[in-house]
Asks: 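Before I ask anything, let me first share the structure, which is written out below as structure tokens.
Reckoned from all heavy atoms, side chains included, excluding hydrogens, waters and symmetry mates. Quick caveat, the model's predicted, so the values are computed rather than measured.
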Amino acid sequence: MGKPILVVKDLSVEVDGHTILDGINIEVYPGEITVLMGPNGSGKSTLLYTIMGLRRYRVLKGSILFNGVDITNEPPWTRALRGIALAFQNPPRIPVRLEYIAKKIAEKHGVKGVVSEYASSLKIDRLMNRNLFHGFSGGEIKRTELYLLVIKKPRLALLDEPDSGVDIDSIREIAHHINMLTDNGAGVLLVTHQGYILKYLDDLGRGYVMYNGRIIYSDTVFNVSKKVLLYGYSKLVKEVTRGL
């Protein structure tokens, strides 16, 4: 298995004076998809935003290690330069053409040759002359957000519910490009609420269930998703307490 690219150790996080995460421990390995499941409001997005270093999320204790380096107190742009990239669940609309942003990212990361290729394969090439996320459908937003992440060629991809609010064709396309990330050796931490996308993903590793800001259960992704579908989240908490 080798060494993990990301290690989150005993992490507790505060947002606007409220403790949202408490004692989180997660590992992500290169070339593998680690899956984080949980109900809405359980803290899944907060964990991704904290790993990315967004300012609003204050670490109370614990650490975040990337390739063995403690990045807990680094700003987000430093983490981005290290190769960490985040795809938001609900990205903001930006009054700049998608084509312009994609070209700037490609110049920064040296991937000019694949910009149009990936736009075509994700079926967003017709959106390139439009302002980013203005009037995009749910599937177009998800595919575009993944597109902008993929062309950065990240070493660690943080994906916040890429399967929410999209049709089955979009889920397949998104899954294909996530598989491409791991094929190229990237580690992926993928947040999903219901797990629809999992059947289309390869290289699945460890799965975690978050509930009320804590990790309550961990196993293979297959076993985690099976338990979630069997019990649901609130009943799973009771089953875990009983020893499952």
Asks: Run the side chain to side chain donor-acceptor pair (under 3.5 Å) test against His177 and tell me which residues pass, sequence neighbours left out.
Replies: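 Partners of His177 by the side chain to side chain donor-acceptor pair (under 3.5 Å) criterion, ordered by chain and then number, come out as Ser121.
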
Asks: Heavy-atom distance under 4.5 Å between the side chains of Arg93 and Asn131, does that happen here?
Replies: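 No - every pair of side-chain heavy atoms lies 4.5 Å or more apart.
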
Asks: Which heavy-atom pair separates Tyr208 from Glu27 by the least distance, and what is that distance?
Replies: OH-N, 3.3 Å

Asks: Let me know which of Val7, Val28, Ile71 forms a side-chain contact (heavy atoms from CB on, under 4.5 Å) with Phe66.
Replies: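 Answer after filtering Val7, Val28, Ile71: Ile71.
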
Asks: Run the side chain to side chain contact (heavy atoms under 4.5 Å, CB included) test against Asn73 and tell me which residues pass, sequence neighbours left out.
Replies: none

Asks: Does any non-hydrogen side-chain atom of Tyr29 lie less than 4.5 Å from one of Lys3?
Replies: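 When only atoms from C-beta onward are counted, Tyr29 and Lys3 do not touch, as no gap falls below 4.5 Å.
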
Asks: What residues, two or more places apart in sequence or in another chain, satisfy side chain to side chain donor-acceptor pair (under 3.5 Å) together with Lys226?
Replies: none

Asks: For Arg130 and His134, indicate whether the former's side chain and the latter's backbone hold a donor-acceptor pair under 3.5 Å.
Replies: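 A pair under 3.5 Å: yes.
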
Asks: Taking all atoms of both residues into account, what is the closest heavy-atom pair of Ile105 and Lys152, and its distance?
Replies: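 Taking Ile105 first and Lys152 second, the nearest heavy atoms are CG2-CG, 3.6 Å.
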
Asks: When you group the ILVMFWY residues by side-chain heavy-atom contacts below 4.5 Å and let the links chain together, are Tyr211 and Val228 in the same group?
Replies: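 Yes; Tyr211 is reachable from Val228 via cluster members.
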
Asks: Which atom names give the shortest non-hydrogen contact between Gly138 and Val166, and what distance separates them?
Replies: O-CG1, 3.7 Å

Asks: Closest approach of Lys142 and Ile174, non-hydrogen atoms and distance?
Replies: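 Where Lys142 meets Ile174 most closely, the heavy atoms are CB-CD1, 3.7 Å.
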
Asks: List the steps, then state whether side chain to side chain donor-acceptor pair (under 3.5 Å) holds for Tyr147 with Glu145.
Replies: CA-CA 5 Å; Tyr147 166 71; Glu145 185 73 348; over 6 Å; no

Asks: Would you check if Gln194 and Leu229 make a side-chain contact, meaning some heavy-atom pair closer than 4.5 Å?
Replies: no

Asks: Would you kindly confirm whether Tyr196 and Val188 end up in one hydrophobic cluster when ILVMFWY residues are joined by side chain heavy atoms under 4.5 Å apart?
Replies: yes

Asks: Taking only residues two or more places apart in sequence, or in another chain, which ones meet Val8 in a side chain to side chain contact (heavy atoms under 4.5 Å, CB included)?
Replies: Leu6, Leu11, Ile24, Ile26, Leu47, Ile51

Asks: Is the shortest side-chain N to carboxylate O distance from Lys103 to Glu107 below 4.0 Å?
Replies: no

Asks: Minimum heavy-atom separation for Ile216 and Val240, please, with both atom names.
Replies: O-CG1, 3.3 Å

Asks: Using a 4.5 Å cut-off on heavy atoms from C-beta on, say whether the side chain of Ile141 contacts that of Pro91.
Replies: yes

Asks: Between Thr46 and Val13 (side chain of the first, backbone of the second, donor and acceptor by atom type, cut-off under 3.5 Å), is there such a pair?
Replies: no

Asks: Does the side chain of Met52 come within less than 4.5 Å of Arg79's, by heavy atoms?
Replies: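 With C-beta onward as the side chain, the pair touches.
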
Asks: Is the shortest heavy-atom distance from the side chain of Glu140 to the side chain of Leu127 under 4.5 Å?
Replies: yes

Asks: Grouping I, L, V, M, F, W and Y whenever their side-chain heavy atoms are under 4.5 Å apart, do Leu230 and Tyr233 come out in a common cluster?
Replies: yes

Asks: Just grab all the salt bridge (charged side-chain N to carboxylate O under 4.0 Å, His left out) pairs involving residues 53-75, residues at least two apart or on different chains.
Replies: Asp10-Lys61, Glu14-Arg58, Asp16-Arg56, Glu74-Arg82

Asks: Does one hydrophobic cluster hold both Val209 and Val35, with members joined at side-chain heavy-atom distances below 4.5 Å?
Replies: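 Same cluster.
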
Asks: State the OG1-CG distance between Thr34 and Leu204, to the nearest 0.5 angstrom.
Replies: 9.5 Å

Asks: Under the salt bridge (charged side-chain N to carboxylate O under 4.0 Å, His left out) definition, can you give me all pairs with a residue in residues 200-223, not counting sequence neighbours?
Replies: Asp22-Arg214

Asks: Hey, could you give me the CG/CD1 distance between Leu198 and Ile171, rounded to the nearest 0.5 Å?
Replies: 10.0 Å

Asks: Please name the pair of heavy atoms, one in Ser170 and one in Gly139, separated by the smallest distance, quoted to 0.1 Å.
Replies: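 Between these two residues, the closest heavy atoms are OG-CA, 4.0 Å.
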
Asks: Keeping the roles fixed (side chain from Thr182, backbone from Glu32), state whether a donor-acceptor pair exists under 3.5 Å.
Replies: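 No; judged by distance alone, with no hydrogens or angles, the pair does not exist.
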
Asks: Could I get the full list of side chain to side chain donor-acceptor pair (under 3.5 Å) partners for Tyr200, not counting sequence neighbours?
Replies: none

Asks: Hey, what do you get for CG (Leu181) to NE2 (His176), rounding to the nearest 0.5 Å?
Replies: 10.5 Å

Asks: Measure the spacing between CG of Leu201 and CG of Leu190 and express it to the nearest 0.5 Å.
Replies: 6.5 Å

Asks: Hey, what do you get for CD1 (Ile33) to CD1 (Ile178), rounding to the nearest 0.5 Å?
Replies: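 Atom-to-atom, Ile33:CD1 and Ile178:CD1 are 6.5 Å apart.
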
Asks: What residues form a side chain to side chain contact (heavy atoms under 4.5 Å, CB included) with Asn90, not counting sequence neighbours?
Replies: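 So Asn90 forms no side chain to side chain contact (heavy atoms under 4.5 Å, CB included) with any residue.
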
Asks: For residues 166-187, pull every pair meeting salt bridge (charged side-chain N to carboxylate O under 4.0 Å, His left out), keeping only residues two or more places apart or in separate chains.
Replies: Lys123-Glu173, Arg143-Glu173, Asp169-Arg172

Asks: Who pairs with Thr19 by side chain to side chain donor-acceptor pair (under 3.5 Å), at least two apart in sequence or on another chain?
Replies: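 Checked Thr19 against side chain to side chain donor-acceptor pair (under 3.5 Å); zero matches.
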
Asks: Do Ile5 and Pro30 have side chains that get closer than 4.5 Å, going by heavy atoms?
Replies: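 Counting from C-beta outward, Ile5 and Pro30 do come under 4.5 Å.
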
Asks: Which is it for Val150 and Leu146 under the side chain to side chain contact (heavy atoms under 4.5 Å, CB included) test, yes or no, and what are the steps along the way?
Replies: CA-CA 6 Å; Val150 167; Leu146 183 62; 4.0 Å; yes

Asks: Is there a path of hydrophobic side-chain contacts, each under 4.5 Å between heavy atoms of I, L, V, M, F, W or Y residues, that connects Leu65 with Leu60?
Replies: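 They do not share one cluster, since no chain of ILVMFWY contacts under 4.5 Å joins Leu65 to Leu60.
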
Asks: With sequence neighbours left out, which residue pairs that include part of residues 34-56 fulfil the ring pair (Phe, Tyr, Trp, His ring centres under 6.0 Å) condition?
Replies: Tyr49-Tyr57, Tyr49-Phe88

Asks: A side-chain contact here means heavy atoms from C-beta on lying under 4.5 Å apart; do Thr220 and Asn223 qualify?
Replies: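 Yes, side chains in contact.
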
Asks: Within this structure, what is the CG-CG distance for the pair Leu86 and Leu158, rounded to the nearest 0.5 Å?
Replies: 5.5 Å

Asks: Identify every side-chain donor-acceptor pair in residues 37-45 under 3.5 Å, counting partners at least two apart or on other chains, and give the distances.
Replies:
unit_1 : atom_1 : unit_2 : atom_2 : d
Ser42  : OG     : Pro39  : O      : 2.8
Lys44  : NZ     : Gly38  : O      : 2.9
Lys44  : NZ     : Pro39  : O      : 2.9
Ser45  : OG     : Asp160 : OD1    : 3.2
Ser45  : OG     : Asp160 : OD2    : 2.7

Asks: Hey, is the main chain of Ser116 close enough, under 3.5 Å, to the side chain of Ser120 for a donor-acceptor pair?
Replies: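 The answer is no, because no donor-acceptor pair under 3.5 Å joins these two groups.
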
